[in-house]
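Here is the structure we will look at, set down as structure tokens.
All values derive from a computational prediction rather than experimental measurement.
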Amino acid sequence: QVQLVESGGGLVQPGGSLRLSCAGSGFTFSVYAMSWHRQASGKERELVARIASVGGTTNYADSVKGRFTISRDNARNTVYLQMNSLKPEDTAVYYCNAAYRNTDYWGQGTQVTVSS
């Protein structure tokens, strides 16, 4: 059974940091491009960061560039999102995605709330 399970979300003050994790199982993790998306209340889902399967090429939304870092550990079937200098605008449900050719898998999401 294919699963993507996010963890690491929570409540943090502006300027703080969180690290999200997404653990995959039931598929060949290493061949999939992995990405993080987020959806704030009342807004559309947006791409936050993506990392390629083999070469490790990354790309980021302009709003998070320089603050967030995506990485992956294929030996552990896990992708991470390190989030620093968090802002209230980062508040959203964060979703993990795995993509290969015509196949997409999604996690259940983890809530990140940035508030004082």
Side-chain angles (χ1 to χ4, degrees):
Q1 182 177 353
V2 171
Q3 283 191 299
L4 289 172
V5 181
E6 300 97 334
S7 61
L11 175 64
V12 64
Q13 293 186 350
S17 298
L18 285 173
R19 190 174 81 152
L20 306 183
S21 299
C22 173
S25 60
F27 65 101
T28 306
F29 184 90
S30 61
V31 309
Y32 281 72
M34 302 298 299
S35 60
W36 288 95
H37 302 242
R38 67 186 182 187
Q39 187 165 24
S41 181
K43 303 185 71 175
E44 294 186 356
R45 184 181 297 178
E46 64 173 343
L47 174 68
V48 176
R50 178 182 285 127
I51 185 166
S53 59
V54 178
T57 301
T58 59
N59 60 278
Y60 299 89
D62 288 342
S63 59
V64 308
K65 193 172 185 179
R67 299 188 297 121
F68 291 11
T69 303
I70 188 170
S71 61
R72 66 191 296 162
D73 185 343
N74 288 338
R76 296 178 177 176
N77 290 351
T78 303
V79 63
Y80 305 94
L81 185 68
Q82 178 67 47
M83 305 185 295
N84 299 326
S85 301
L86 283 162
K87 305 175 180 180
E89 309 93 88
D90 297 318
T91 296
V93 177
Y94 284 71
Y95 297 92
C96 178
N97 171 265
Y100 178 69
R101 297 175 68 88
N102 294 323
T103 302
D104 275 284
Y105 301 127
W106 291 91
Q108 83 289 347
T110 186
Q111 176 71 48
V112 172
T113 301
V114 184
S115 177
S116 59

Path from [X] to [Y] over hydrophobic side-chain contacts below 4.5 Å:
{"X": "Tyr105", "Y": "Val93", "value": "no"}
{"X": "Leu18", "Y": "Tyr60", "value": "yes"}
{"X": "Tyr100", "Y": "Ile70", "value": "yes"}

Only pairs under 3.5 Å count here: list side-chain donor-acceptor contacts from residues 39-59, not counting sequence neighbours, and write none if there are none.
residue : atom : partner : partner atom : Å
Gln39   : NE2  : Lys43   : O            : 3.2
Glu46   : OE2  : Arg38   : NE           : 2.7
Glu46   : OE2  : Arg38   : NH2          : 3.3

message: Quick test of your reading: applying disulfide bond (SG atoms under 2.5 Å apart), list the pairs with at least one residue in residues 40-83, sequence neighbours left out, ordered by first then second residue.
response: none
Measuring from [X]:[atom1] to [Y]:[atom2], what's the distance to the nearest 0.5 Å?
{"X": "Ser115", "Y": "Asp90", "atom1": "OG", "atom2": "CG", "result": "12.5 Å"}
{"X": "Cys22", "Y": "Gln3", "atom1": "SG", "atom2": "CD", "result": "10.5 Å"}
{"X": "Thr69", "Y": "Met83", "atom1": "OG1", "atom2": "CE", "result": "11.0 Å"}
{"X": "Met34", "Y": "Phe29", "atom1": "CE", "atom2": "CZ", "result": "4.0 Å"}
{"X": "His37", "Y": "Leu81", "atom1": "NE2", "atom2": "CG", "result": "11.0 Å"}
{"X": "Trp106", "Y": "Glu6", "atom1": "CH2", "atom2": "CD", "result": "9.5 Å"}

Please find the pair of heavy atoms, one from [X] and one from [Y], that lie closest to each other, and give the distance.
{"X": "Arg76", "Y": "Thr78", "value": "O-OG1, 2.8 Å"}
{"X": "Trp36", "Y": "Leu20", "value": "CH2-CB, 3.7 Å"}
{"X": "Leu4", "Y": "Phe27", "value": "CD2-CZ, 3.8 Å"}

field: Pairs touching residues 12-34 that satisfy side chain to side chain donor-acceptor pair (under 3.5 Å), sequence neighbours left out
entry: Ser17-Asn84
message: Check the orientation of Tyr94 and Phe68. Use parallel for under 30°, tilted for 30 to 60°, and perpendicular for over 60°.
response: tilted
- prompt: With distance as the sole test, does Asp73 use its side chain to make a donor-acceptor pair with the main-chain N or O of Val79 at under 3.5 Å?
  reply: no
